[in-house]
Each structure stands twice: as structure tokens, then as C-alpha cells.
Amino acid sequence: MTKYGSFPGARPRRLRTMPALRRMVAEYRLHPADLILPAFVREGVSEPVPIGAMPGVVQHTRDTLRKAAVEAVEAGVAGIMLFGVPLDEKKDAAGTAGTDPDGILQQAIRDVRTEVGDDLVIMSDLCLDEYTDHGHCGVLDSAGRVDNDATLERYAEMAQVQADAGVHVVGPSGMMDGQVGVIRDALDQTGHEDVSILAYTAKYSSAFYGPFREAVGSSLKGDRKTYQQDPANLRESLRELALDLEEGADMVMVKPALPYLDVLAKIADAVDVPVAAYQISGEYAMIEAAAEKGWIDRDKAIMETLTGIKRAGANMILTYWATEVARAL
């Protein structure tokens with residue numbers, strides 16, 4: 001066989017020959033400061049409550065939440081996203097526990113702020129679903145439909161009490177039209193101009209939320225398809241993005257992460273504000289379940305998925321592995 005020069009002349013494998021070389025030429029790197037830890041705090045419990053569908057994740061007590069916040073700071077995690085789980089008997093049609101200054105989420109915000117101060121970016125879920133007896137993200141009208149504009153009034157109240165409690169960033173996740181603008185006005189009019197908004201810009205109606213509903217003790221009946229986005233749509237997310245930015249969003253998010261990497265990439269290419277992605281409960285549960293069966297290498301799968309999310313354009317990643325991964329990094 002005739003040999004032509006040193007064919008093949010281009011040998012990309014040369015840059016893969018050893019770990020140090022692969023590390024040197026890596027195009028994307030995870031860093032602890034990329035990571036945000038979602039955390040649940042449950043009212044009325046004296047011990048953490050394990051979440052069956054999310055091995056290793058718990059509903060915290062107020063004390064164990066403070067400990068988790070300290071551990072996140074020590075590991076170099078950037079932020080913590082707090083979700084409140086009230087007593088069932090406190091749920092009602094309007095989700096009033098969510099706007100009670102002494103509600104569980106507001107208590108948790110104060111606890112974490114007292115414990116770690118400004119060493120951790122304290123974020124809060126701004127939504128009614130944890131607090132309503134029907135489990136929807138807003139108040140219902142006489143026909144049982146989510147009333148968008150009436151819900152916005154409740155969100156404005158939530159923003160104020162969360163900001164009063166000391167939150168740094170609010171995360172409106174309900175996908176109501178106009179929510180970012182109303183929340184921005186409510187914050188500015190109550191002296192909270194420095195509180196940022198992380199907009200859940202592209203939040204899809206997803207099958208991967210299943211374990212999360214256990215985590216927050218959801219009372220949902222039915223689905224959220226009339227306000228969360230249809231998984232079939234991409235251009236719609238860009239319309240949502242334009243509206244959120246116009247209304248004053250400081251940061252934007254895509255949720256879930258892995259099934260919507262194309263959406264994440266489109267949004268990251270289109271904006272000059274920080275972009276977050278939420279690696280949600282179902283994504284977490286799949287890896288943990290497959291690893292428990294011995295079907296995949298757990299640690300490598302975690303790192304690979306997080307790297308993929310960052311490669312698609314996320315500046316920040318919400319993941320239940322945040323503290324663990326930050327320590328490993």
C-alpha cells in the first residue's frame with residue numbers, strides 16, 4: 001500500500017493521550033461558583049425527612065437547613081434556592097402561608113441569612129403551589145382555572161415578604177404572564193431595589209417534575225399545561241425571554257435542563273444577562289436509580305451531565321448535587 005507523507009496529518013487524538021493534556025485543553029470547566037443548591041425546609045418536623053424518590057435529598061428542619069447552608073459555603077457553592085413546605089392544615093385556596101411573614105419559607109430565609117450572611121446568595125422560590133390546597137401555582141377563578149392577574153397580586157405580596165425576610169434573589173416560577181414586571185414594581189416600591197429577579201423564563205410542563213412534587217408535599221390535582229410551556233415549542237421560549245427582559249429580569253432560567261439543552265443554547269446565545277439551568281428532580285432521580293442498579297457510574301454521570309449543561313450555555317446550574325460536586329471540584 002502506497003503511503004502518502006505522514007497521512008493522516010491531522011490527529012486530534014494527540015490531544016487526548018493523557019489526563020493532564022486533556023485537562024489542559026478542556027474547553028469548558030465546572031467551578032463551585034457555577035452551582036446553586038435547591039433545598040427544602042419543612043414546617044413542624046424535628047428530624048430531616050428523606051425524600052423517597054430522591055435518595056440523599058431531604059426535607060430539612062430549620063436547624064439542618066442552617067447546617068446545609070454552612071456546608072455549601074464551605075464547599076464554595078454560589079447560592080441556595082429555598083423552597084418551603086408548610087403544614088397541610090395551613091394550605092388554602094389563596095396560599096396565604098406563602099405571604100405570611102412568619103411562614104416557613106420566610107423563617108428559613110431569615111435563618112439562612114443570619115447563619116451565613118452574604119457569603120451565600122440566598123434565593124427563594126416565589127410561587128404559590130406549595131401553599132395552595134389545590135396545588136396550582138396561582139389562585140383559581142370561579143370556573144377552576146388559574147386566574148393570571150389575580151395571581152400576580154399574590155406574587156407581589158410574596159416578593160415583599162421574602163425581601164423583608166432578607167432574600168437576595170427571588171425566583172418567580174409560576175409562569176404567569178407579566179409576573180416579572182409586577183414583582184419588579186413591588187420590590188422597587190417597597191425599598192427593595194437591590195433584590196434581583198431570576199426569571200423562570202422557559203419552564204416546561206415536564207414529566208421529570210414527579211419527584212419534586214413529593215419533595216414539596218404538592219396537593220396538585222390535574223396538570224399545569226395551561227401556564228407552563230409545551231415541550232414541543234422552542235420559538236415560544238424566545239418570546240418569553242423577550243418579555244422577561246423587557247419587564248426587568250436580572251437573570252433568566254431554563255427548566256428542566258437536560259431535555260431542553262437546545263432551548264438553553266438558543267437563550268444563552270440571545271442574551272447578555274446570566275443564564276441559569278435547573279437540573280431537576282427527575283434528572284437527579286434517574287441517575288441515582290440507574291447507579292443504584294449498577295447500570296452507570298454515578299460520579300462520572302453526574303459530572304458529564306453538569307458539563308453538558310454548562311457547555312450548552314448555562315452560567316449557573318441548580319443541582320441537588322451542588323455541595324457534593326463543589327467538594328469534588
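Predicted, not measured: the structure shown is a model, and the values here were computed from it.
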Do you see a donor-acceptor pair shorter than 3.5 Å between the side chains of [X] and [Y]?
| X | Y | result |
| --- | --- | --- |
| D164 | H192 | yes |
| T305 | Q279 | yes |
| R145 | T226 | no |

Report, one line per pair, each donor and acceptor closer than 3.5 Å where one atom sits in a side chain of residues 70-77; sequence neighbours left out.
none

Salt bridge (Lys or Arg N to Asp or Glu O under 4.0 Å), that's the test. Do D100 and K90 meet it? Break it down for me.
CA-CA 11 Å; D100 180 353; K90 291 189 177 180; 5.7 Å; no
Connected via hydrophobic side-chain network under 4.5 Å: L318 and Y204
yes
Flag yes if more than 12 heavy atoms outside R311 fall under 6.0 Å of its CZ atom; otherwise flag no.
no
Just checking E236: does its CD atom have more than 12 heavy atoms from other residues, nucleotides or ligands closer to it than 6.0 angstrom?
yes
Under the salt bridge (Lys or Arg N to Asp or Glu O under 4.0 Å) test, residues paired with D177 that sit two or more places apart
none
Over all atoms of both residues, closest heavy-atom pair of V263 and A202
CG1-CB, 4.1 Å
Could [X] and [Y] be called an ion pair, given the rule that one side-chain N must be under 4.0 Å from one carboxylate O?
| X | Y | answer |
| --- | --- | --- |
| K67 | D63 | no |
| R42 | E130 | no |
| K91 | D88 | yes |
| R110 | D102 | yes |

Give the intermediate values and the outcome of salt bridge (Lys or Arg N to Asp or Glu O under 4.0 Å) for residues R184 and D244.
CA-CA 11 Å; R184 183 72 270 157; D244 283 351; over 6 Å; no
Does the side-chain contact (heavy atoms from CB on, under 4.5 Å) test come out yes or no for I280 and K255, once each step is laid out?
CA-CA 7 Å; I280 66 168; K255 180 180 182 180; 3.6 Å; yes
Do the rings of F40 and Y320 sit parallel, tilted or perpendicular, given the 30° and 60° boundaries?
parallel
